[in-house]
A.B. asks: 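Next up is a structure, given as structure tokens.
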Amino acid sequence: MIMSNKDALRTYPEMNKNIVGILRINSDNPTGLYAANRIEELESRVKELEEKIRNEPSWGCCPQDVKCHDEGCKSCRLRYYGLEDKQ
């Protein structure tokens, strides 16, 4: 079975802060500094989008025990984006 790099290495978003620190240790390396800056930019954008998804008004909502998967349902939207337990 052939595994892609994505399958072989599991990532953890909470490690990004540590990785940025490691990349900044060698400040003579412009590639590392670029990567650190980009990680911080992307992490900031992810937070913005998560807040937008959480705060977007619902057009309708399903009871918690019903999986309606209506894109207008805030409960389903949070579940779809994996944000229901980050509130």
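Below, all heavy atoms of this structure are taken into account, side chains as well, without hydrogens, waters or symmetry copies.
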A.B. asks: Evaluate the side-chain proximity of L23 to I39: yes if any heavy-atom separation is below 4.5 Å, no if none is.
C.D. replies: yes

A.B. asks: For E40, which residues count as a salt bridge (Lys or Arg N to Asp or Glu O under 4.0 Å) partner, sequence neighbours excluded?
C.D. replies: R24

A.B. asks: Treating Ile, Leu, Val, Met, Phe, Trp and Tyr as nodes and any side-chain heavy-atom pair under 4.5 angstrom as an edge, say whether I22 and M15 lie in one connected cluster.
C.D. replies: no

A.B. asks: Identify, with sequence neighbours excluded, every residue that meets side-chain contact (heavy atoms from CB on, under 4.5 Å) alongside E48.
C.D. replies: S44, R45

A.B. asks: CD of E43 to CD1 of I19: how many Å apart, nearest 0.5 Å?
C.D. replies: 9.5 Å

A.B. asks: If you measure from the Lys or Arg side-chain nitrogens to the Asp or Glu carboxylate oxygens, is any gap between R38 and E41 under 4.0 Å?
C.D. replies: yes

A.B. asks: With the 4.5 Å side-chain cut-off for hydrophobic clustering, are V46 and Y12 part of the same group?
C.D. replies: no

